[in-house]
Structure formats: C-alpha cells, structure tokens
Amino acid sequence: MRAFAGLFGWIAVWGFILLLCNYFVKFGYRKFISHLPTEKKRWKDRYMKVMRLVVKWHKPVGMMTAVAAILHALLMFYFVRLSGTGLVALGILLAAAALGGYGAYLHKKHVFAWLKIHRILAFAVVVFVCLHLLKP
C-alpha cells in the first residue's frame with residue numbers, strides 16, 4: 001500500500017505539471033504566437049490545436065490531480081505518516097481547485113478577481129510541492 005501512496009503522489013505531481021501547461025501555453029500564445037506574420041499561419045494553427053487540447057483537458061486533469069493528492073495523503077496517513085509540507089501543499093492545491101471550480105462553474109463574471117487568486121495559489125503549490133519533495 002505504501003507503493004500506491006507513492007504512485008498517487010507522483011500522479012498528482014505529473015497532473016499538476018500538466019495543469020501548469022495551461023498557463024504557459026496561453027502566455028506563449030499572447031506574447032509570441034499571436035504576433036506571428038501571416039506567412040507563419042501553419043505554426044499558428046498547430047499551436048492553436050495544442051492550446052485547445054490543453055485548455056479542454058484542464059478541468060478534468062484538475063479534478064484527477066485533486067483526487068490523486070487526497071488519496072496520496074490518506075494512504076500516507078494510514079500507512080506511514082503525514083508530512084507538514086505535504087499537508088500545506090494539499091490545502092493550497094484544494095483551495096486552488098475549489099476556486100477554479102467556483103470560477104468555471106458558478107461565477108464566470110468578474111473573471112479577473114478569482115482567476116488571479118487561482119494562479120497565485122497554483123504557483124504557491126509549486127513551492128510547497130518542491131519543499132515536500134525535498135523534505136517529506
């Protein structure tokens with residue numbers, strides 16, 4: 001069971017990496033791809049296909065990542081021990097997930113306010129997951 005706990009932890013990490021791609025793909029489009037000349041239309045179209053795929057899967061991967069992180073925490077609690085850095089990372093991850101769900105499904109107006117906090121929480125998760133991996 002300890003191996004399953006580790007597996008769910010790594011599923012959560014890789015899921016979170018995929019979730020961060022959403023921000024960076026959109027950022028790359030805004031800063032670079034949207035300014036390409038019309039001769040580079042093929043590159044733009046390819047990039048848009050990838051971006052659509054990343055955006056389409058952001059919500060389901062977010063739910064899967066939250067579930068994997070919860071399962072990791074529960075299994076670690078039951079079979080090993082809980083980690084302080086892991087609990088903080090899980091709390092921030094769940095707050096970011098809840099805020100993302102709130103914004104995506106309940107409150108699509110005033111996107112700037114909740115989206116900014118959602119992004120800040122996502123990057124805070126990066127810090128605490130790195131701390132958790134360095135000092136479990």
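Along the sequence shown, the residues carry numbers beginning at 1.
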*Just jot down the side chain to side chain donor-acceptor pair (under 3.5 Å) partners of H132, sequence neighbours excluded, or say none.*
S83, T85
*Look up atom OG in S34 and atom CE in M48, then write down how far apart they are to the nearest 0.5 Å.*
10.0 Å
*Mind jotting down which residue pairs meet the side-chain hydrogen bond (donor to acceptor under 3.5 Å, both in side chains) criterion with at least one end in residues 60-82? Sequence neighbours excluded, please.*
none
*What pairs of residues pass the side-chain hydrogen bond (donor to acceptor under 3.5 Å, both in side chains) test when at least one of them lies in residues 53-62, not counting sequence neighbours?*
none
Shortest non-hydrogen contact from [X] to [Y]?
X: V125; Y: A89; answer: CG2-O, 4.3 Å
X: G15; Y: V61; answer: O-CG1, 3.6 Å
X: A122; Y: A96; answer: N-CB, 4.5 Å

Joint cluster assignment, [X] & [Y], ILVMFWY side-chain distance < 4.5 Å:
X: L19; Y: M51; value: no
X: W43; Y: F32; value: no
X: L20; Y: L133; value: yes
X: I17; Y: F27; value: yes
X: L131; Y: I120; value: no

*Does atom CZ of F128 have more than 12 heavy-atom neighbours from other groups under 6.0 Å away?*
no
_R2 atom CZ, over 12 foreign heavy atoms within 6.0 Å_ = no
*Which ILVMFWY residues can you reach from L82 by hopping between side chains whose heavy atoms are under 4.5 Å apart?*
F77, L87
List for me each residue that meets side chain to side chain contact (heavy atoms under 4.5 Å, CB included) alongside [X], sequence neighbours excluded, and say none if there are none.
X: L99; result: Y102, W114, I117, H118, L121
X: L74; result: I70
X: A73; result: L90
X: V54; result: C21, N22, V25, V50

*Could you tell me which residues satisfy ring pair (Phe, Tyr, Trp, His ring centres under 6.0 Å) with Y23, sequence neighbours excluded, listed by chain and number?*
F123
*Name all pairs fulfilling the salt bridge (Lys or Arg N to Asp or Glu O under 4.0 Å) condition that reach into residues 28-43, sequence neighbours left out, sorted by first residue then second.*
K41-D45
*Taking the side chain as every heavy atom from C-beta outward, state whether L93 and F16 have any atom pair closer than 4.5 Å.*
yes
*Are M64 and V67 side-chain neighbours, meaning at least one heavy-atom pair lies under 4.5 Å?*
no
